[in-house]
Amino acid sequence: MRAAHITSYGGAGVLQVGDLPDPVVGPDSVLVRVKAAGTNPVDHKIRAGYLDGAFPSAFPLILGWDVAGVVEQVGPAVTEHAVGDEVIGYVRKDHVQHGTYAELVTATSRHLAPKPSTVSFEEAAGLPLAGLTALQSIEAAGVGEGDVVLVHAASGGVGSFAVQLAAGRGARVIGTASERNHDYLRSLGAEPLAYGEGLAEQVREVAGGDVDVVLDYVGGEALDVSFDLVCNASRVVSVIDPAVLERGGMYVFVRPDAAQLGELSRLVDDGALRIEVAARFALGDVAQAHSLLEHGHARGKVVLTP
């Protein structure tokens, strides 16, 4: 099979596309023919070696955790999926080597859910990791009817989903983004603000005081400001900086969850959740995709097609 992989850590130049052995299907696994693979900021961090030590890994290393595709083979112990099923998956395994930037990938039932039927494979591939991150952070914060929620980096892949999910639960959402994305945020249900200097004053002016929840998808100064804006520190949730725990907030590291992924898929089909695809690249242009991930401030998701 063709796959985008690395044989050493480094910049985008270490990415190469070539033939690697097809993955082996174990008793509890299914083989998915990849129609599209979503990319995420964690991918270029793995490529650069920043997560070496956080996960067991080996070279050649195929990057990617998001997939949309068709089940091609099932292991003998699998009853949840059948050949021909259209699926999406957050295929994060404990061992980082056999990712989704490939023509084929193996996954277990805990990684997969039915693909939304109303969108393309390319759109569907943008949902799993970012959608689950948004959903799990919202659930950790207990977002509900009447809450005022501040979302940092609201126009990004995770933030875009968080805005919609929070608004769908009856919350009032304030989102930070560059001014060029303010109309986009309004279309998702958020009141937009520019990030940077004077953010705390802007938030209080719009919210009429402190907010109930902060969802942090950027870290740094935005997270520092958050604790001055929230009524209860325990409702500050970051997916970026574990140091949030030292200040009484919560840290969320997204986990595979087939039931939650199925819920997100249903929301897409019901028209309650929109997937924004910023750019599509062929697998051979993976280095360009990573360049956009690292430097482009893409609105929504960047997707690869084998």
Side-chain angles (χ1 to χ4, degrees), residues 1 3-6 9 12 15 17 20 23 29-69 71 87-113 115 121-137 156-158 160-161 217 239-240 252-262 264-265 275 277-281 283 286 289-290 292-294 298 300-306:
M1 68 173 183
H5 60 282
I6 60 174
Y9 295 126
L15 288 160
V17 178
L20 290 176
S29 298
V30 303
L31 183 69
V32 176
R33 173 70 61 175
V34 178
K35 298 294 186 180
T39 69
N40 296 281
V42 69
D43 298 346
H44 69 74
K45 294 175 183 177
I46 291 173
R47 186 207 70 217
Y50 295 148
L51 295 188
D52 190 36
F55 296 92
S57 58
F59 297 112
L61 191 159
I62 303 170
L63 296 165
W65 285 343
D66 276 350
V67 68
V71 174
V87 293
I88 55 173
Y90 171 40
V91 191
R92 175 172 63 75
K93 305 168 184 176
D94 291 336
H95 181 268
V96 177
Q97 185 178 21
H98 302 294
T100 60
Y101 290 13
E103 292 178 324
L104 297 167
V105 67
T106 57
T108 65
S109 295
R110 78 185 184 104
H111 296 125
L112 301 174
K115 170 191 166 291
F121 282 102
E122 289 86 355
E123 291 169 298
L127 179 62
L129 186 153
L132 285 171
T133 302
L135 179 58
Q136 289 172 16
S137 57
V158 178
S160 294
F161 290 130
Y217 305 128
V239 304
I240 301 294
V252 169
F253 191 101
V254 63
R255 66 188 184 279
D257 189 306
Q260 288 183 330
L261 192 54
L264 292 168
S265 183
I275 305 168
V277 175
R280 297 169 172 83
F281 291 92
L283 191 63
V286 62
H290 270 227
L292 181 58
L293 275 180
E294 292 182 82
K301 300 295 298 181
V302 178
V303 176
L304 297 171
T305 53

Legend entry - Nearest heavy-atom neighbours spanning Ile88 and Ser265: CD1-CB, 4.4 Å
Legend entry - Nearest-0.5 Å distance that lies between atom CG in Leu63 and atom CG in Asn40: 11.0 Å
Legend entry - Pairwise distance CZ(Arg280) to CG(Leu304) - rounded to 0.5 angstrom: 12.0 Å
Legend entry - Check: Val17 and Tyr101 side chains under 4.5 Å, non-hydrogen atoms: no
Inset, instruction - Establish, from distance only, whether the side-chain atoms of Thr133 and Tyr217 form a donor-acceptor pair under 3.5 Å. - result: no
Legend entry - Shortest non-hydrogen contact from His111 toward Arg92: NE2-O, 3.2 Å
Legend entry - Heavy-atom closest contact (Ala102 atom, Ile62 atom, distance): CB-CG2, 4.3 Å
Inset, instruction - Measure from the side-chain N and O atoms of Gln260 to the backbone N and O of Leu132, and report whether any donor-acceptor pair falls under 3.5 Å. - result: no
Inset, instruction - Please lay out, stage by stage, how Lys45 and Glu294 fare under the test side-chain contact (heavy atoms from CB on, under 4.5 Å). - result: CA-CA 9 Å; Lys45 294 175 183 177; Glu294 292 182 82; over 6 Å; no
Inset, instruction - For the residue pair Lys93 and Thr106, establish whether any side-chain heavy-atom pair is separated by less than 4.5 Å. - result: yes
Inset, instruction - Can you measure from CD (Glu103) to NZ (Lys35) and round to the nearest 0.5 angstrom? - result: 10.5 Å
Inset, instruction - Evaluate the side-chain contact (heavy atoms from CB on, under 4.5 Å) criterion for residues Thr39 and Val303: first the C-alpha distance (whole Å), next the side-chain angles of each, then the deciding distance (0.1 Å), finally the verdict. - result: CA-CA 6 Å; Thr39 69; Val303 176; over 6 Å; no
Legend entry - Pairwise side-chain contact, His290 with Asp43, heavy-atom cut-off 4.5 Å (strictly under): yes
Inset, instruction - Taking the side chain as every heavy atom from C-beta outward, state whether His98 and Pro23 have any atom pair closer than 4.5 Å. - result: no
Legend entry - Leu129 backbone acceptor or donor facing Asp66 side chain under 3.5 Å: yes
Inset, instruction - Carefully, step by step, assess Val96 and Leu61 under the rule side-chain contact (heavy atoms from CB on, under 4.5 Å). - result: CA-CA 7 Å; Val96 177; Leu61 191 159; 3.9 Å; yes
Legend entry - Separation between CG of Leu104 and CG of Leu20, rounded to the nearest 0.5 Å: 11.5 Å
Inset, instruction - Check the pair Ile6, Phe59 against side-chain contact (heavy atoms from CB on, under 4.5 Å), reporting the backbone distance first and the verdict last. - result: CA-CA 7 Å; Ile6 60 174; Phe59 297 112; 3.9 Å; yes
Inset, instruction - Just say parallel, tilted or perpendicular for the rings of Trp65 and Phe55, cut-offs at 30° and 60°. - result: perpendicular
Legend entry - Distance-only polar pair, side chains of Ser160 and Lys301, donor-acceptor under 3.5 Å: no
Inset, instruction - To the nearest 0.5 Å, tell me how far His95 NE2 sits from Ser57 OG. - result: 6.5 Å
Legend entry - Heavy-atom closest pair, residues Tyr90 and Leu261: N-CD2, 4.0 Å
Inset, instruction - Search all heavy atoms of Phe121 against all heavy atoms of Ala36 and return the closest pair with its distance. - result: O-CB, 3.6 Å
Legend entry - Shortest non-hydrogen separation from Val67 to Val32 and the atoms involved: CG2-CG1, 4.4 Å
